[in-house]
2 protein chains.
Amino acid sequence: MSRPSPRTDLAHEALKQAILEQALEPGTKLPEDEIGAHFGMSRTLVRAVLAKLQAEGLVDARPKRTATVAQPTLAEAREVFEVRRALEIEIVRLVIKRWKPAFGAELEGMLREEEAARRRGEPKVAGRLAGEFHIRLAQLTGNRLIARYMEELVTRCSLILAVFGQPHGADAGHDEHSELVAALRAGDADAAIAIMDHHMGVVEKRALAEETPAESAALGDVLARYAGAIGARDAAVPLVAAQKRGRAK
Amino acid sequence: MSRPSPRTDLAHEALKQAILEQALEPGTKLPEDEIGAHFGMSRTLVRAVLAKLQAEGLVDARPKRTATVAQPTLAEAREVFEVRRALEIEIVRLVIKRWKPAFGAELEGMLREEEAARRRGEPKVAGRLAGEFHIRLAQLTGNRLIARYMEELVTRCSLILAVFGQPHGADAGHDEHSELVAALRAGDADAAIAIMDHHMGVVEKRALAEETPAESAALGDVLARYAGAIGARDAAVPLVAAQKRGRAK
DNA sequence: GGCTGAAATCTTGTATGCATGAATGGTCGC
DNA sequence: GCGACCATTCATGCATACAAGATTTCAGCC
């Protein structure tokens, strides 16, 4: 197939980041032509990229319809968390089983970075690093397949958090990461599993237990910001306007 | 994307079956042209099919190289089983949690079919049905994602069994399926988990604890069957000859 | 006789074109 | 003034063409 063509990978990463940071809102249309023009590649390659993103759950694509940024449903979100929790627990077991002291150092290094980003007031960066912590943990099992699955799950969770979660929801229970590493170091499987299980519960609750739907919140924001400037709206926020149309459909 | 074009799906299913039944040996080249000609479709669609098969782990594809039927390594095989075991156990938990009496009837129906096939002396069919039992079980969790993962895992296990396993390895521990359903019906999570865990151990052992590498066994078969007809070999078994070349690389 | 190297051949990587099916905007009727 | 219908526009499904990179073959040489 078309593994690591630089252009293709670039487009894939760019779209992924844009989706996760909600620079592209859920429901935004992703026409092949336009993307191709932007990245300087033909629709053939764009299609491959979109297919991959669809497989990762970041893009919704139905036949004969323009692909859109995925809008995870609450049900899907729960499913993702359910699988993730199970796999995370297994990962903890496996990492302890194959533990090496160097792991502890590396993980703690990651935690320090994350903490630094948080203190710097960059919650998005901190959230991304938190995700990478979990992915790295999965890689430490030495099981490539489980790592691949976890990568997909963490990515989807990020989108879910962005869609459903409260602002700064990614901060949830980041202390537990430290506790987890301590338990791993100590080789205390039961404790580590309990921490991970609880951690997943916290993250899921923050992600899904929302009172205000993200949608209406965003709408409210927009209206508040543009109230009184009705005439200028189209010019001021063309992207958002386009997105609303795409989403409504 | 290109979801359910009938031709595409047909080709995908056909290749999948051919690979799992080892009508196409691991290492066999899969040139886009040839496949396209066979199924009456262009390389564009073949590419999509091959990409999907690659994602499922049934096809190896490196850039600029002809795709081949996957040759799982022992290490990969272990990884697959490791993930599968963890997920299967979680599936048992979830199915019990969401149990409905109708589930029992359906699962027992599947077991009867499987048993019938076995008695009819069709181990391949029985093996396929055994796989479908596990997939169905995953679907009964109501979690689509976990079902998708399990589908991939069962498929890959089938290939692994075909490559590494002894003949009839798929028969392994099929009684345990009945015991499992009984435990599920009874709502006995601990028992069901224990049975599933043990079952996975049995299947894995049968699949991987092989004394004779499948490769040399196959070679032996061929030689035995064609001994003395050296000159005629290329004509008699062109496919196999081609495969050997492809595999050696 | 086996090995090195280059031509010939086979395949894939990618772009593009045409046909077909959706989405949109405008108009007509109520 | 509002809603349904139709033409236009747009975007995708798929095939094909061409360029570039592998692979194989064959010849010449050590």
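Note on naming: letters A, B, ... go to the chains in the order of the sequence lines (proteins, then strands), and numbering restarts at 1 for each one. FYI, side chains are in, hydrogens and waters are out, and symmetry mates aren't considered; it's all heavy atoms of this structure.
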Protein-nucleotide distance (A/Asp33, atom CG; C/dA15, atom P), rounded to Å:
13 Å
Thinking salt bridges, do B/Glu152 and A/Arg148 make one under a 4.0 Å N-O criterion?
yes
Please tell me if A/Arg65 has a side-chain N or O lying less than 4.0 Å from either OP1 or OP2 of C/dA23.
yes
Answer yes or no: does a side-chain N or O of B/Thr66 lie under 4.0 Å from OP1 or OP2 of D/dT23?
no
Where the side chain of B/Ser42 is concerned, which of D/dA11, C/dG13, D/dA15 is the nearest nucleotide?
D/dA15
Under-4.0 Å salt bridge between B/Glu32 and B/Arg65
no
Expressed in angstrom and rounded to an integer, what is the separation of B/Ile35 atom CD1 from C/dT11 atom C1'?
12 Å
The single option from A/Gln17, A/Glu56, A/Arg7, A/Lys52 passing side-chain hydrogen bond (donor to acceptor under 3.5 Å, both in side chains) against A/His12:
A/Glu56
Are A/Arg85 and A/Glu204 ion-paired here, with the side-chain N under 4.0 Å from a carboxylate O?
yes
Rounded to whole Å, please give me the gap between NZ in B/Lys64 and P in C/dC10.
17 Å
Whole angstrom value for the distance that separates P of D/dT12 from CG of B/Leu45
16 Å
Respond yes when some side-chain nitrogen or oxygen of A/Arg43 is under 4.0 Å from OP1 or OP2 of D/dA11, and no when none is.
no
Counting any heavy atom closer than 4.0 Å, what does B/Thr44 reach on the DNA or RNA strands: base, sugar-phosphate only, or nothing?
base
A/Met41 CE to C/dG13 C1', straight-line distance once rounded to whole Å
13 Å
Heavy atoms from other residues, nucleotides or ligands near CZ of A/Arg136 exceed 12 (cutoff 6.0 Å):
yes
Nearest-angstrom distance from the residue atom CD of A/Glu34 to P of D/dC10:
12 Å
Closer than 4.0 Å, any side-chain N/O of B/Arg7 to the OP1 or OP2 of D/dA15?
yes
Given atom CZ of B/Arg62 and atom P of D/dG21, what is their separation to the nearest angstrom?
17 Å
Write down the distance between CD (B/Glu32) and P (D/dA15), rounded to a whole number of angstrom.
13 Å
Please determine if a side-chain N or O atom of A/Lys29 lies less than 4.0 Å away from the OP1 or OP2 oxygen of D/dT12.
no
